[in-house]
Number of protein chains: 2
Amino acid sequence: MTPTFNHSMDMLIRKLDSIAQLSDEERRAIASLPVTGRLLGPDQDIVHEHDHPSQCCLLLDGWACRYQILSEGKRQIFSFHIPGDIPDLQSLHLKVMDHNVCTLTQATVAFIPHEAMLELTAAFPAIAATLWRDTLVDGAIFRQWMVGMGRRTACQAVAHLFCEMYVKLEAVGLARDHAYYLPLTQSELGDALGLSNVHVNRVLRELRTNEWITLHGGKLEIKKWRELTNLCGFDPTYLHLERHAA
Amino acid sequence: MTPTFNHSMDMLIRKLDSIAQLSDEERRAIASLPVTGRLLGPDQDIVHEHDHPSQCCLLLDGWACRYQILSEGKRQIFSFHIPGDIPDLQSLHLKVMDHNVCTLTQATVAFIPHEAMLELTAAFPAIAATLWRDTLVDGAIFRQWMVGMGRRTACQAVAHLFCEMYVKLEAVGLARDHAYYLPLTQSELGDALGLSNVHVNRVLRELRTNEWITLHGGKLEIKKWRELTNLCGFDPTYLHLERHAA
DNA sequence: CGGCATTTTGAGTCGTCTCAATGATGGTGG
DNA sequence: CCACCATCATTGAGACGACTCAAAATGCCG
């Protein structure tokens with residue numbers, strides 16, 4: 001509720017702007033949502049499987065992910081989230097969590113009561129449609145990850161993920177010049193792509209020796225965007241971005 | 001618009017009933033949607049990638065799937081659909097198709113104009129929420145398929161799919177006693193699970209020799225439900241079904 | 001009955017995995 | 001300030017799961 005956090009709803013507005021058109025009135029309504037902010041350390045669970053959340057969490061700063069642990073102890077990561085995302089928006093209409101949400105880095109999150117979200121969507125059908133749309137894009141991204149795990153080589157899958165994250169970050173103004181900070185360990189990449197950490201390491205070496213990318217100290221640079229997108233068949237249509245003048 | 005097709009909106013109502021509670025008024029509103037029915041042969045595309053659809057397609061009879069073809073000619077199937085499903089419901093809010101929808105068997109589909117759907121959702125927020133919810137369950141299923149491809153053995157992945165389809169069919173009254181008609185070729189199963197048709201064949205043999213299942217002439221019987229769900233870690237929570245008395 | 005799609009089997013290969021050890025890196029406390 | 005520890009990245013070796021290619025068997029529909 002502090003000015004800091006209300007100001008930070010800008011991040012959400014910027015995100016929604018990237019996938020749909022908002023009116024000034026709608027922006028104001030979003031900006032005045034009651035939020036509770038919190039600073040979290042890395043690797044902290046925000047929502048657990050089997051929970052019945054009564055609020056959504058808006059990521060303001062840092063990275064988060066959704067995941068599930070299998071009985072054999074294996075982990076599958078379903079998605080990576082960046083500022084502006086609401087990783088558990090689905091909990092607005094699905095009562096039980098079927099997976100976990102956790103931070104990957106230190107992160108600032110704003111919690112928004114479901115009640116407030118429901119009032120907002122009832123009062124502004126266009127916002128409801130935009131949020132619905134956001135969950136649909138979410139699904140589209142899942143489908144592309146399925147392609148990666150099912151039908152792409154390990155190298156293509158990694159490359160595709162790197163392209164996807166760049167486009168997502170660039171859309172909310174958090175990356176440019178085909179470079180960004182990628183705060184993921186090789187194990188996390190592996191758990192997202194269905195690979196072992198060892199194999200991710202070898203794939204990264206390949207991407208580096210071919211000089212498609214550089215990656216050190218968490219900073220990823222895509223040196224040959226066109227070649228890389230070509231290699232992995234990256235087509236950003238599925239992200240359904242709509243460019244609006246900022 | 002024929003009585004036949006309006007009567008067939010029962011299928012949609014039954015489906016929505018399986019994931020949420022509807023009032024009588026809402027049921028009537030759904031039943032009076034203007035629809036155009038069509039009988040299609042097997043393996044016919046209903047919607048194409050890059051299309052800008054102006055209607056949704058409700059599956060009344062038969063099976064359908066969503067898929068994408070990669071540049072190298074490989075195919076990834078994203079989902080299987082059964083009567084009551086609206087495979088391209090997302091086109092209501094995402095203008096461009098990022099994948100294809102096609103029939104797997106002979107099928108009856110009803111086309112509903114987006115305009116009518118949007119009027120319905122505007123007039124009945126509860127229906128809007130239910131449809132939104134349906135697309136969220138869709139996403140939850142994608143996530144489980146990701147687990148299958150990323151972190152389950154081939155055998156577990158096949159078993160998990162068989163359990164999932166049983167629960168979905170059972171929920172709309174199209175299967176019982178752990179048996180159903182599965183109109184899929186081994187190649188189609190493979191393209192859905194990220195496996196080769198040859199390997200699917202070997203996995204099926206394993207499932208058969210262990211007497212978990214029988215499968216001949218398209219009829220699948222799960223002989224040991226408990227053992228099979230145990231083998232693949234099947235937990236139907238992610239389908240978010242709500243049992244309502246029929 | 002023929003013809004075509006599908007299933008089944010075999011054999012050999014390749015991608016990715018696991019286990020294990022070694023190098024870097026970064027943060028912490030004495 | 002540095003030694004220490006934990007985490008992460010990197011490399012090697014061997015094993016295994018799944019793939020490809022190819023051929024034979026089966027089933028199905030007209």
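A note on names: the letters A, B, ... follow the listed sequences, proteins ahead of strands, and every chain is numbered from 1.
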Footprint ends on DNA chain C, 5' to 3', for atoms under 4.0 angstrom from a heavy atom of chain B, come out as C/dT6 to C/dA11

Students should find that the end-to-end axis angle of the helix from C/dC1-D/dG30 to C/dG30-D/dC1, with five pairs defining each axis and rounding to 10 degrees, is 40°

For B/Thr103 and B/Gly41 the tightest heavy-atom approach is OG1-O, 2.8 Å

Next item on the list: State whether a side-chain donor-acceptor pair under 3.5 Å links B/Arg152 with B/Gln144.
Entry: yes

Tell me, do A/Leu58 and A/Met9 make a side-chain contact under 4.5 Å, heavy atoms counted?
yes

Going 5' to 3' through nucleotides 24-29 of chain D and flagging B where a protein heavy-atom sits under 4.0 Å of the base, S where only the sugar-phosphate is that close, and - otherwise, we get ------

Applied to residues 178-212 of chain A, the ring-ring contact (aromatic ring centres under 6.0 Å, His included) test, sequence neighbours excluded, yields A/Tyr166-A/His178, A/His178-A/Trp225

So CG of A/Leu60 and CZ of A/Arg38: to nearest 0.5 Å the spacing works out to 12.5 Å

One should read off an interatomic distance between A/Glu170 CD and A/Leu241 CG, to the nearest 0.5 angstrom, of 9.0 Å

Taking for A/Val198 and for A/Arg151 the nucleotide of DNA chain D with the nearest heavy atom, the one nearer the 5' end belongs to A/Val198

Under a 4.5 Å cut-off applied to non-hydrogen side-chain atoms, are B/Val96 and A/Tyr238 in contact? no

Looking only at heavy atoms, the pair that brings A/Leu207 and A/Cys155 closest together is CD2-SG, 3.8 Å

Here the gap from A/Gln55 atom CD to A/Ile46 atom CD1, rounded to the nearest 0.5 Å, amounts to 10.5 Å

From the list B/Lys74, B/Arg66, B/Arg75, salt bridge (Lys or Arg N to Asp or Glu O under 4.0 Å) with B/Asp191 holds only for B/Arg75

- Tell me, do B/His240 and B/Leu136 make a side-chain contact under 4.5 Å, heavy atoms counted? no

What residues 187-197 of chain B contributes to the DNA chain D interface at heavy-atom separation below 4.0 Å is B/Gly194, B/Leu195, B/Ser196

Side chain to side chain donor-acceptor pair (under 3.5 Å) between A/Ser79 and A/His81, worked out: CA-CA 7 Å; A/Ser79 59; A/His81 293 281; 2.7 Å; yes

Rounded to whole Å, the CG-C1' distance (A/Asp43 to D/dA6) equals 13 Å

Output for pair (B/Leu193 CG, B/Ser196 OG), nearest 0.5 Å, gives 11.0 Å

Check: Are any of the side-chain heavy atoms of A/His50 and A/Asp98 separated by less than 4.5 Å?
Finding: no

Rounding to 0.5 Å, atoms CG (B/Leu104) and CD1 (B/Ile77) come to a distance of 6.5 Å

Within residues 199-216 of chain A, those residues having any heavy atom closer than 4.0 Å to DNA chain D are A/Asn201, A/Arg202, A/Arg205, A/Arg208

